[in-house]
Amino acid sequence: MNLFEPFSQRSLTLRNRLVVSPMCQYSATDGLPEDWHLVHLGSRAVGGAAAVIAEATAVSAQGRISLGDTGLWNETQLEAWRPIVRFIKSHGAIAGVQLAHAGRKSSALRPWEGQGPLPVGHQDWLTVAPSALPFDKGWHTPEALDEAGIQGVIADFRAAAQRALAAGFELVELHAAHGYLLHQFLSPLSNQRSDRYGGSFENRSRLVCEVITAVREVWPVELPLWLRISATDWADHEGGWDIEQSVQLAKLVKALGVDLIDVSSGGLVPHVKIPLGPGYQVPFAARIRREAEVATGAVGLITEAEQAADIVAEGEADVVLMARESLRDPYFPRRAAQLLGAQLGAPNQYLRAWHS
Ligand SMILES: Cc1cc2nc3c(=O)[nH]c(=O)nc-3n(C[C@H](O)[C@H](O)[C@H](O)COP(=O)(O)O)c2cc1C
């Protein structure tokens, strides 16, 4: 496989294998994306990415990480996404959105306001989780979801997916990574329930599976559905979620209609040691791809064209997602194409810069 070879999933074809990873901009009001989102996401579509995945977009107001999160829990938000989606698509990129619920990590400050939760009395709100266990010292203690609450979360994901479709998105990624609600259910460190949503691997995976099934009911069979997971909590010594369980989960969700596992890691518990380094999560993507026989995305400290090309050429992942490098250079795919001798058209307005 080649980095600039198209990649087909269901009825969609990605023009290459470079995808803009979802990145919260913390710049929405009442969940509404604005001019910033149009320019941010739009310029990366112009930059040549095959798909641009909009940030963790909350399925309910309660599920927001911060007050600045975008949402898809009402029709006004749906309408606000339309022109952004239209622009991304008009520049040849697939428009994707990541649907999310932050669970016990909701009600937090925007990063530039400080680290951690909103102080009590400062527009903070009640958070929910599988169990009443805070993320860390000083964080809100969440309320454990009851059965009706769980059904409500599933319905919120389904309705948000329906709105994503109406807004024109062609790709939905469900966020089950980074210590947010779905990941909180997966990991024994945050899920200490004794009902059918806790305990065994099968029970801890139940909510993710039910969300996928509900979303697949409204998300057309012609369009791909991706799932982002944390392959490990980096807390094996404490009995955390690990790569073996991730492989098992990948097999399960593939059968439910997930087309690609976007393989990240961590975020569930603070203070774990993560062996950061170039492409440090790639081996997880490779193992899941090999053992679960499902398409994967590699992400995390992938910053060079040749590094990305090697990952795809070695069959470690089908696509490469880039976050910070794409913030530094929205035209990364264009530069990579030049460097690797691939052809990537440019918008007419910019042709003189790229083909002189
Ligand atoms: C500003 C910023 C916002 C992010 N927001 C999200 C998000 O909304 N959803 C998500 O799954 N990951 C989010 N991430 C993580 C990235 O998608 C990516 O997985 C991570 O940054 C590692 O990739 P990189 O080394 O290419 O930056 C965010 C990262 C950054 C830098």
Side-chain angles (χ1 to χ4, degrees), residues 3 17-28 31 33 36-37 40-41 43-44 47 49 51-59 63-72 81 96-103 105-106 108-113 115 157 160 164 169 171-184 186 208 225-232 234 260-268 274-285 296-305 307-308 311 317 319-330 332-333 335-336:
L3 190 61
R17 310 301 182 106
L18 287 167
V19 174
V20 176
S21 199
M23 278 179 280
C24 287
Q25 301 296 295
Y26 308 100
S27 301
W36 176 265
H37 300 86
H40 162 67
L41 298 166
S43 51
R44 279 151 191 83
V52 177
I53 305 184
E55 66 194 80
T57 293
V59 300
R64 282 177 292 180
I65 302 167
S66 78
L67 288 165
D69 287 26
T70 53
L72 265 171
W81 279 112
V97 62
Q98 188 185 51
L99 298 182
H101 188 305
K105 287 171 83 172
S106 306
L109 292 162
R110 294 175 180 88
W112 52 83
E113 295 168 338
Q115 290 286 321
F157 270 98
F169 284 110
L171 170 65
V172 158
E173 175 172 277
L174 300 173
H175 200 348
H178 302 167
Y180 297 120
L181 186 68
L182 299 180
H183 184 187
Q184 289 159 30
L186 291 173
V208 177
L225 177 64
W226 291 8
L227 181 72
R228 174 167 274 198
I229 64 167
S230 282
T232 174
W234 298 109
L260 181 141
I261 312 286
D262 173 4
V263 186
S264 188
S265 75
L268 189 92
I274 302 181
L276 292 175
Y280 70 107
Q281 295 171 149
V282 175
F284 297 129
T296 59
V299 66
L301 290 175
I302 302 166
T303 55
E304 313 262 348
Q307 182 192 13
I311 290 166
V319 299
V320 169
L321 294 100
M322 294 180 116
R324 286 164 292 183
E325 189 56 30
S326 108
L327 293 187
R328 287 185 282 265
D329 182 3
F332 180 87
R335 294 196 184 284

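We count ligands from 1, going down the list as the structure has it; atoms in each ligand are counted the same way.
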Does [X], backbone or side chain, put an N or O under 3.5 Å from an N or O of ligand 1?
X	value
Y26	no
C24	yes
R228	yes
I302	no

Original post:
Can you tell if the side chain of V19 reaches within under 4.5 Å of the side chain of D262, non-hydrogen atoms only?
Top reply: no

Original post:
Hey, does V97 have a side-chain heavy atom less than 4.5 Å from the side chain of T70?
Top reply: no

Where ligand 1 meets [X] - atom numbers and elements under 4.0 angstrom, heavy-atom basis:
X	result
V299	18 (C), 19 (O), 23 (O)
Q98	7 (C), 8 (O), 9 (N), 10 (C), 11 (O)
H178	10 (C), 11 (O), 12 (N)
S21	16 (C), 17 (O), 18 (C), 19 (O)
G300	22 (C), 23 (O), 25 (O)
L301	24 (P), 25 (O)
H175	9 (N), 10 (C), 11 (O)

Looking at every heavy atom in both [X] and [Y], which two are closest together, and how far apart are they?
X	Y	result
V299	V263	CG1-O, 3.4 Å
V282	A298	CG2-CB, 4.1 Å
S230	G266	OG-O, 2.8 Å
T57	G71	CG2-C, 3.4 Å
A28	R110	O-NH2, 4.3 Å

**OP:** Among all protein heavy atoms, pick out the one at the shortest distance from atom 13 (C) of ligand 1; state its residue, atom name and that distance to 0.1 Å.
**Re:** P22 O, 3.1 Å

Original post:
Who's the nearest protein heavy-atom neighbour of atom 2 (C) of ligand 1, and how far?
Top reply: M23 CG, 3.7 Å

Original post:
Out of curiosity, is E325 lining ligand 1, as in a heavy atom under 4.0 Å away?
Top reply: no

Original post:
For ligand 1, is there an atom lying under 4.0 Å from some heavy atom of A177?
Top reply: no

Hey, what do you get for [atom1] ([X]) to [atom2] ([Y]), rounding to the nearest 0.5 Å?
X	Y	atom1	atom2	answer
T303	R324	OG1	CZ	9.5 Å
R64	C24	CZ	SG	12.5 Å
Q25	W36	CD	CH2	6.5 Å

Original post:
Nearest heavy atom to atom 8 (O) of ligand 1: which of A323, A56, A54 does it belong to?
Top reply: A56

Subject >> Option nearest atom 24 (P) of ligand 1 (shortest heavy-atom distance, choices M322, E173, R324) >> reply: R324

Original post:
Taking the six-membered ring where the residue is Trp, are the ring centres of F169 and W226 under 6.0 Å apart?
Top reply: no

